[in-house]
Amino acid sequence: MITRPSARRIRIQGVVQGVGFRPYVYRSAREHQLTGWVANDGRGVEIHVEGAGPALDAFVGGLAAGAPPAARIQAIDVTETPCEAWEAFEIRESHVAERPTTRISPDLPVCDACRRELFDPADRRRSYPYINCTDCGPRYSIIRSLPYDRPRTTMADWTMCEACAREYRDPADRRFHAQPVACPQCGPHYALMTDGAADAQAGRDAGAIAGAARLLREGRIVAIKGVGGYHLACDAADAAAVETLRERKFRKEQAFAVMVRDLAAARATCALTPEAEALLLSPASPIVLAPRRLDLPGVAPDNADLGVMLPYAPVHHLLFAHGAPDRIVLTSGNRSSEPIAFDDADAFSRLHGLADAFLAGERPIARRVDDSVMRAGALGPVVLRRSRGLAPAVVATLPVRSPVLALGGDLKNTLTLVVAGQACTSQHVGDLRHYDARVAFRQTADDLMAMYGVDWNEVLVVHDAHPQYVSTAAAAELPASRRLAVQHHRAHVASVLAERAAIDRRVVGVVLDGTGFGDDGTIWGGELFVGSIVGGFERVAHLRPARLPGGDAAAQHPVQAAAGFLEAVPDLPDFAGPPFHFPERYRRARQLSLRAIRSFGTTSAGRLFDTVAAVAGFVRPIAFEGQAAMWLEHLARQESSAVSYPMTFDGGQIDWRPALEAAVADRLAGRSPARIARAFHRGLARGLASAITSLLEQFGLDTAAVSGGVAQNDLLLADLREALAPSGAELWINHAVPANDGGLSLGQAALAVTAADAA
Ligand code: ZN
Ligand code: ZN
Ligand code: FE
């Protein structure tokens with residue numbers, strides 16, 4: 001019996017470009033003796049195959065399972081189509097059709113095959129720091145525009161040699177259409193720069209890297225160009241080098257991340273659960289926060305956790321192979337909290353004086369992409385900073401036809417563009433108070449719009465309701481005709497639901513945050529809502545309001561927040577004396593608060609944490625956002641007793657006064673700060689749980705969605721889960737975007753769904 005050939009047209013959407021998808025399809029079609037073609041277009045990958053029916057079925061059935069590791073398939077659509085009598089199977093060139101909805105792949109860590117070649121003395125790319133293939137290497141950080149083809153990347157200036165071109169053209173080769181493909185003969189190089197000139201003696205690539213490794217061993221600070229920007233590196237075990245780095249960088253206290261030689265070194269450095277190891281080894285190759293096992297003086301002061309990451313770029317692997325210390329501090333190349341430097345000239349001028357030498361690579365970086373930060377938390381994996389390896393990516397599917405661009409908040413800024421219902425969240429842009437971050441903000445907005453072919457005339461721009469936010473002013477300046485303001489904390493709740501595509505799910509939304517502009521103009525941050533993304537969120541309860549002398553500026557000084565919150569507590573001791581030793585600022589802030597001068601109302605959970613931290617002994621100004629609350633969390637982890645402070649819920653307010661009273665009394669009685677910290681965490685969790693339980697019952701709901709910067713506190717989440725357990729309530733948190741303001745843009749976009757499609 002003769003089977004008549006038939007044909008199928010297959011459309012695949014998801015991350016399928018720049019990840020070796022077409023060569024994979026080519027090989028698979030040939031294995032099944034099918035003919036036809038495969039092509040990239042603006043919407044993904046399209047395949048035409050023809051041949052015997054059973055072979056077609058086998059080909060289609062195995063498509064998803066055998067896909068390259070970096071591919072993320074979202075949808076496979078198969079239709080019958082007439083035979084076109086193709087005699088062979090071929091790969092067609094990219095063509096741009098309508099609006100591109102293709103996902104751009106994030107940057108990928110070097111793959112095992114490339115790593116083997118990197119250390120194979122016989123390979124022509126041995127020790128070559130720009131080795132890559134279709135399974136690995138840079139993507140987003142080198143793309144200037146779409147579709148993803150070499151002339152539109154930062155590799156456009158290098159012409160492939162004959163050997164590289166052959167691999168690039170050969171569908172059977174691992175480097176078929178690997179856009180950044182290069183070798184030592186034709187590609188860019190690394191050099192070691194000291195005093196503004198390349199170190200000729202060191203030579204390039206391996207020699208330069210060996211020179212940098214030697215400097216690190218000698219306790220020097222080296223600026224190293226990576227995938228998304230420059231890092232500053234030093235030996236993490238060399239306390240003097242770490243101290244020098246802190247002084248030069250004006251970064252007194254915030255923890256440094258450490259890159260370790262390999263997984264064994266990671267295990268020796270931090271206590272890693274299987275979940276934490278899985279994050280370390282994931283394609284994003286992020287910084288993973290985990291309890292530290294090793295004391296590295298000065299690396300993460302006052303912190304029980306340490307951020308570790310594995311080498312991800314070839315240059316990192318080469319550094320360790322050429323004798324770099326097993327653990328190197330690898331912190332973003334900047335001063336203080338400025339954005340990371342990624343442009344060479346900018347890096348040389350800004351990092352001059354910070355670094356003793358530069359390990360500089362020639363391949364330009366198209367945009368700044370910081371390292372991502374994650375944790376295997378009590379309630380599952382969480383993202384603290386979404387950047388390299390994770391962005392850009394579709395983080396949610398929203399039922400909206402018109403495009404939406406959400407601008408996020410002013411701190412930890414990210415943007416989210418929704419096209420054809422796909423919500424794509426940008427990399428971490430940072431703190432918009434910095435000029436460089438504002439430039440990056442605008443570039444990211446333009447990037448997203450251009451990459452997805454969205455016109456400013458058709459997009460709805462969403463921004464925070466804060467009238468003084470930089471992003472609010474930016475919204476007014478963007479050439480869009482439609483704008484929508486969204487309240488900060490409602491966006492936080494919506495971000496949790498958007499991740500799960502739970503658009504009409506009614507929940508109790510809990511936001512534990514530092515600051516944010518409330519409906520009544522006061523500073524919110526301890527809010528309970530009831531509602532859904534489509535129906536909106538009604539504020540039904542909140543923390544008991546306190547006075548906040550100095551307003552948002554009080555966030556820098558825990559004792560300033562304490563002056564406002566403690567005012568509500570009767571019979572206060574003299575906080576200037578022992579054991580509290582509050583500085584003069586407390587007394588002045590208290591005067592302001594009592595006389596109601598420059599004082600604002602607040603329900604901020606962040607400021608409540610600051611107050612308890614001050615009572616427990618944190619009386620200095622903070623060096624970075626959230627420091628006092630983190631300090632309190634780590635203190636609490638040292639206490640194993642079941643202590644808890646009372647907090648009551650009266651139907652509308654969670655009253656923290658009994659807890660503060662108990663904390664002050666405990667400190668006066670000489671009880672340990674760790675005990676105070678522990679009792680406060682558990683007390684707040686129980687107070688929240690009683691509020692949540694009562695609201696769930698009142699409104700006939702079963703799910704609580706928790707978000708906000710303070711909700712990054714893993715101990716508080718664990719306590720909350722425990723306190724909620726008897727009620728059987730579901731507890732949802734963020735997993736795809738940060739609970740901090742880095743997730744705000746997704747929530748803003750979700751809340752704009754109804755408005756966007758309204759005429
Ligand atoms: Zn590779
Ligand atoms: Zn070459
Ligand atoms: Fe916030």
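Index from 1, following the sequence. Ligands are counted one by one from 1 in listed order, and the atoms in each one are counted from 1 as well. Note that the structure is predicted; figures quoted are calculated from it, not measured.
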By atom name, which N, O or S atom belonging to Asp513 lies closest to the Fe ion (ligand 3)?
OD2

Quick one: list whatever passes salt bridge (Lys or Arg N to Asp or Glu O under 4.0 Å) with Glu117, sequence neighbours left out.
Arg174, Arg175

Under 3.5 Å, side chain of Arg388 to main-chain N/O of Ala284, donor-acceptor pair present?
yes

Donor-acceptor pair, Asp741 side chain versus Gly409 backbone, under 3.5 Å?
no

Quick one: does any side-chain atom of Arg22 pair with a main-chain N or O of Val45 as donor and acceptor, under 3.5 Å?
no

Checking Tyr190 side chain against Ile224 main chain: does a donor-acceptor pair fall under 3.5 Å?
no

Where do Leu108 and Cys136 come nearest, in terms of heavy atoms and distance?
CB-CA, 3.9 Å

Quick check for you: within a radius under 2.8 Å, how many protein N, O or S atoms neighbour the Zn ion (ligand 2)?
4

All heavy atoms of Ala465 vs all of Ala485, minimum pair found to be CA-CB, 4.1 Å

Does the shortest distance from the Fe ion (ligand 3) to an N/O/S atom of His489 fall below 2.8 Å?
no

Would you please say whether a donor-acceptor pair under 3.5 Å links the side chains of Thr425 and Thr416?
yes

If you have a sec, read the angle at the Zn ion (ligand 1) from Cys133 atom SG over to Cys111 atom SG, to 10 degrees.
100°

So which of the N, O or S atoms of Asp741 lies nearest the Fe ion (ligand 3)?
OD1

